[in-house]
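A short write-up of the structure that comes next.
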Amino acid sequence: MDQNTGIKVLEPDLADYYQLSADILDERILRVKTKLADRLLLLGHNYQRDEVYKFADYTGDSLKLSQFAAEQTEREYIIFCGVKFMAETADILTTPEQKVILPDLAAGCSMADMADIETVETAWEEIARLIPEGTITPITYINSSADLKAFCGERGGLVCTSTNAEKIIRWAFERREKILFFPDQHLGRNTCKRMGIPLDEMILWDPTKPNGGNSPEAVRSARVFLWQGFCSVHQMFQTQHVDYFRKQYPDIKVIVHPECSMEVADQSDMMGSTEYIIRTVTSAPAGTRWAVGTELNLVNRLKRDNPDKEVFFLSPMVCMCSTMFRIDAPHLLWSLEQIEAGTPVNQIIVPEQDRHWAKVALERMLELA
Ligand code: 13P
Ligand code: SF4
């Protein structure tokens, strides 16, 4: 049983699919895709492997893909090549007739799992005991489960992505004095810092400790409460990697995702979403050099698609998102053939009790975006 959706999870036996050569997998994927044509929409996040990315009708970052999902009201099936919070978002934003499929249900996000509804509710109550009523807005990064999006929607808060975090935080501060930002401390800190909010007005909230590990005075005076979550992939980029490339190539530009630590973000030349990174490097003049701090599949593709530039991966370690990597050609073909057979699998269905407020939180963001 899947814990979030309550749906029975069919454990696939994909052994036969793994026997197929890459050519046969491609041929069969293309055949079903062509057959299903307008009934199907295939979305691919920028971190997906090439073997599935190349079949996507639309590719992009979390914001762009959620916008596509919201616009495509005619497609009966949406296969989401990405991770679970993205498929949940698509399910919330599509019509009840549309079915969102995640080819591998184990494709989650370890950062999203660092905040859950019980601990966020506890934190909210602890904070509420110490500050005046109606002075704080909850903001969840889109990398979170649907019930946390609903939590924000119901309390006047909203969702943000790496593209629009600044706009969303600004919107929140126009209404109330404080924000609770979860689950990614780094996106929250990097964005607030660039907006000019001093670090001593931000506190880190450790959900395992009373008051998040803060004194009552610190809670009362803080403007920004940062949940202690992080993306382990982006923590692999370190300042010594930036130093190495700067020493080696004084003209190099360093571009990173805002899930990187503040120290790395501060030393970079540019910071933005996966889509921003792709757009910036792709439109840069020939002959320029780039060190890129985000997931490996994206950077390898960027290297290949920009032979007129020198593109380097910022870390000497292999920083790959292992859950994004789970969606491979055998899983994609399996989910397509199950649709063709009339027995679709791995449908993501957000529970009814979370749908309404999660949609409110997402729509507040989409209106601003
Ligand atoms: P983007 O929205 O920038 O694509 O980021 C999603 C993500 O999970 C990055 O780790
Ligand atoms: Fe989650 Fe990090 Fe993977 Fe993005 S790269 S999906 S934040 S684990």
Side-chain angles (χ1 to χ4, degrees), residues 43-49 52-53 56 58-69 80-90 93 102-116 139-145 148-149 159-168 181-188 190-191 227-237 255-261 264-265 268 270-281 292-302 313-315 317-327 362 365-366 369:
L43 298 177
H45 185 264
N46 291 326
Y47 289 163
Q48 288 291 292
R49 306 161 171 234
V52 299
Y53 189 84
Y58 293 103
T59 58
D61 61 12
S62 309
L63 177 66
K64 201 169 147 192
L65 293 179
S66 55
Q67 285 166 328
F68 282 136
F80 213 119
C81 295
V83 288
K84 190 164 173 195
F85 71 81
M86 298 179 180
E88 281 188 343
T89 301
L93 295 173
L102 183 64
D104 184 344
L105 290 178
C109 164
S110 52
M111 177 219 280
D113 293 341
M114 290 177 188
D116 62 73
I139 301 176
T140 185
Y141 188 21
I142 197 164
N143 298 37
S144 57
S145 53
L148 288 177
K149 293 184 175 79
V159 177
C160 78
T161 71
S162 55
T163 303
N164 56 31
E166 180 168 341
K167 205 181 265 183
I168 301 295
F181 190 96
F182 49 85
D184 187 20
Q185 58 172 296
H186 300 289
L187 174 65
N190 287 331
T191 309
W227 197 260
Q228 202 176 37
F230 57 89
C231 166
S232 46
V233 178
H234 287 86
Q235 299 327 294
M236 307 275 259
F237 301 106
I255 186 165
V256 302
H257 195 277
E259 288 172 13
C260 289
S261 70
V264 170
S268 69
M270 293 164 213
M271 177 180 90
S273 76
T274 57
E275 197 65 16
Y276 169 83
I277 292 173
I278 294 172
R279 208 174 45 238
T280 307
V281 175
V292 184
T294 196
E295 206 265 351
L296 186 63
N297 279 286
L298 183 156
V299 182
N300 281 343
R301 191 175 307 120
L302 207 51
F313 189 56
L314 183 57
S315 169
M317 269 99 65
V318 178
C319 314
M320 219 172 49
C321 177
S322 57
T323 47
M324 286 275 182
F325 198 68
R326 295 191 73 97
I327 314 288
L362 280 162
M365 170 189 80
L366 291 173

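Note that the structure is a prediction, hence the values are computed from the model and not measured. Start at 1 and go down the list; that is how both ligands and their atoms are numbered.
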Completion exercise
CE (M324) and CG (L296) are apart, to the nearest 0.5 Å, by 13.5 Å
Give the atoms of ligand 1, by number and element, whose distance to some non-hydrogen atom of [X] is under 4.0 Å.
| X | answer |
| --- | --- |
| H234 | 10 (O) |
| S273 | 3 (O) |
| H257 | 1 (P), 3 (O), 5 (O), 9 (C) |

Is there any N or O on [X] that sits under 3.5 Å from an N or O of ligand 1?
| X | result |
| --- | --- |
| S62 | yes |
| N143 | yes |
| S162 | yes |
| E259 | yes |

Exercise for the section: Name all residues meeting the salt bridge (charged side-chain N to carboxylate O under 4.0 Å, His left out) criterion together with D104; count only those two or more places apart in sequence or in a different chain, and write none if there are none. Expected result: R326
Completion exercise
In short, G82 meets I327 closest at the heavy-atom pair O-CG1, 3.6 Å
Handout entry: Closest non-hydrogen atom pair between G293 and C260, with its separation
Key = O-SG, 3.8 Å
Problem - Qualifying residues under side-chain hydrogen bond (donor to acceptor under 3.5 Å, both in side chains), relative to T323, sequence neighbours excluded - result: none
Exercise for the section: List in chain and number order the residues that pass side-chain hydrogen bond (donor to acceptor under 3.5 Å, both in side chains) with T140, two or more places apart in sequence or in another chain; answer none if no residue qualifies. Expected result: S144
Practice task
Could you check which of I278, T274, L298, L65 puts a non-hydrogen atom nearest to atom 4 (O) of ligand 1?
Solution key: T274
Handout entry: Any N143 side-chain heavy atom under 4.5 Å of E259 side chain
Key = yes
Exercise for the section: Answer yes or no: is there a side-chain heavy-atom contact under 4.5 Å between C231 and H186? Expected result: no
Fill in the blank from the handout: Partner of T274 under side-chain contact (heavy atoms from CB on, under 4.5 Å), picked from D61, T163, L63, is D61
Handout entry: Short side-chain to backbone donor-acceptor contact, N164 and T161, under 3.5 Å
Key = yes
Handout entry: Side-chain donor/acceptor of N190 to backbone N/O of P258, under 3.5 Å
Key = yes
Can you tell me if [X] contacts ligand 1 (heavy atom of the residue under 4.0 Å from the ligand)?
| X | result |
| --- | --- |
| M324 | no |
| Y47 | yes |
| H45 | yes |

Practice task
Would you check if there is a donor-acceptor pair between the side chains of E275 and N46 at a distance under 3.5 Å?
Solution key: yes
Problem - Sum of protein N, O or S atoms, each under 2.8 Å from atom 1 (Fe) of ligand 2 - result: 1
Handout entry: Heavy-atom gap E259 to ligand 2 smaller than 4.0 Å
Key = yes
